[in-house]
Amino acid sequence: REMLAKQDEYAQAICEEKMGETVVLAEHQSVISVKGRCAEEELKYLRVPRERLMADGVEIIKVSRGGGIALHSPGVINCYTLLRPRPYLLGARLSEWIIESLKSLGIKSSPLPYGSHDFKAYPEKYRGVWVGAKKIAVRGLKIGRVFKFGISLNVCPENWLLNLIH
């Protein structure tokens with residue numbers, strides 16, 4: 001919640017030209033974020049009851065952004081970028097940008113599992129960046145006077161946390 005407030009503060013400062021565009025890196029305590037208006041639909045992807053999450057100290061928060069249900073936890077590096085809107089960074093281009101960046105590091109990835117590009121064969125929950133059968137990144141997007149997007153990279157999260165969402 002603190003990071004959401006900080007992003008809003010930065011976005012306002014960018015709009016008022018009190019600061020330039022910025023990138024914030026963060027690692028959070030265990031929390032699952034869902035789009036506020038679609039929360040109940042997204043919570044269908046949980047593999048465990050909400051009561052178990054609470055008992056394990058995993059909070060669920062509703063956020064106003066694009067993207068789908070996402071895990072934020074120790075071992076997951078979150079990159080929050082706040083920019084003035086630019087057409088070349090919209091929508092699905094974000095995944096392409098991540099894939100191209102990984103390619104420059106010698107990592108072969110794709111927007112769907114197993115290198116598939118058949119978007120009709122996979123439901124929306126598969127949106128992200130995959131290396132084989134492992135989803136290594138997700139993205140969220142919100143467009144306003146300041147373009148906010150986030151990328152979560154699964155660096156070394158605990159497996160039980162990754163298995164909370166399917």
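- Val48 is not listed as a side-chain neighbour of Asp56, based on a closest heavy-atom distance of 4.5 Å or more.
- Taking CG of Leu43 as the reference point, atom CD1 of Ile165 lies at 9.5 Å (rounded to 0.5 Å).
- Closest non-hydrogen pair, Ile60 versus Arg50, comes out as CD1-CG, 4.0 Å.
- The side chain to side chain contact (heavy atoms under 4.5 Å, CB included) search around Asn78 returns His28, His72, Val76, Tyr80, Ser152, not counting sequence neighbours.
- Here NZ of Lys135 is found 11.0 Å from CG of Leu71. Values are rounded to the nearest 0.5 Å.
- For the pair Asn163 and Arg47, the minimum side-chain heavy-atom distance is below 4.5 Å.
- Here Ser73 contributes atom OG and Trp160 contributes atom CH2; the two are 8.5 Å apart, rounded to the nearest 0.5 Å.
- Residues Leu153 and Cys79 have side chains not in contact (no heavy-atom distance under 4.5 Å, counting atoms from C-beta outward).
- The shortest heavy-atom contact between Ser30 and Pro74 is OG-CD, 3.7 Å.
- Residues forming a side chain to side chain donor-acceptor pair (under 3.5 Å) with Glu16 (at least two apart in sequence, or on another chain): Gln12, Lys18.
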- Item | Stepwise side chain to side chain contact (heavy atoms under 4.5 Å, CB included) check, Ile151 with Thr81 | CA-CA 9 Å; Ile151 302 166; Thr81 307; 5.8 Å; no

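- Between Ser109 and Leu102, the closest heavy-atom pair is OG-CD1, 3.7 Å.
- Shown here are the side chain to side chain donor-acceptor pair (under 3.5 Å) partners of Glu59, two or more places apart in sequence or in another chain: Arg1.
- Atom CG in Leu53 sits 5.5 Å away from atom CG in Leu46 (nearest 0.5 Å).
- When Val34, Leu4, Ile32 are each tested for a side chain to side chain contact (heavy atoms under 4.5 Å, CB included) with Ile61, only one passes: Leu4.
- Atom OH of Tyr10 is separated from atom OG1 of Thr22 by 6.5 Å, given to the nearest 0.5 angstrom.
- Minimum interatomic distance between Ile14 and Gly20 (heavy atoms only, all atoms of both residues): CG1-O, 3.5 Å.
- To the nearest 0.5 Å, atoms NZ (Lys134) and CG (Leu162) are separated by 8.0 Å.
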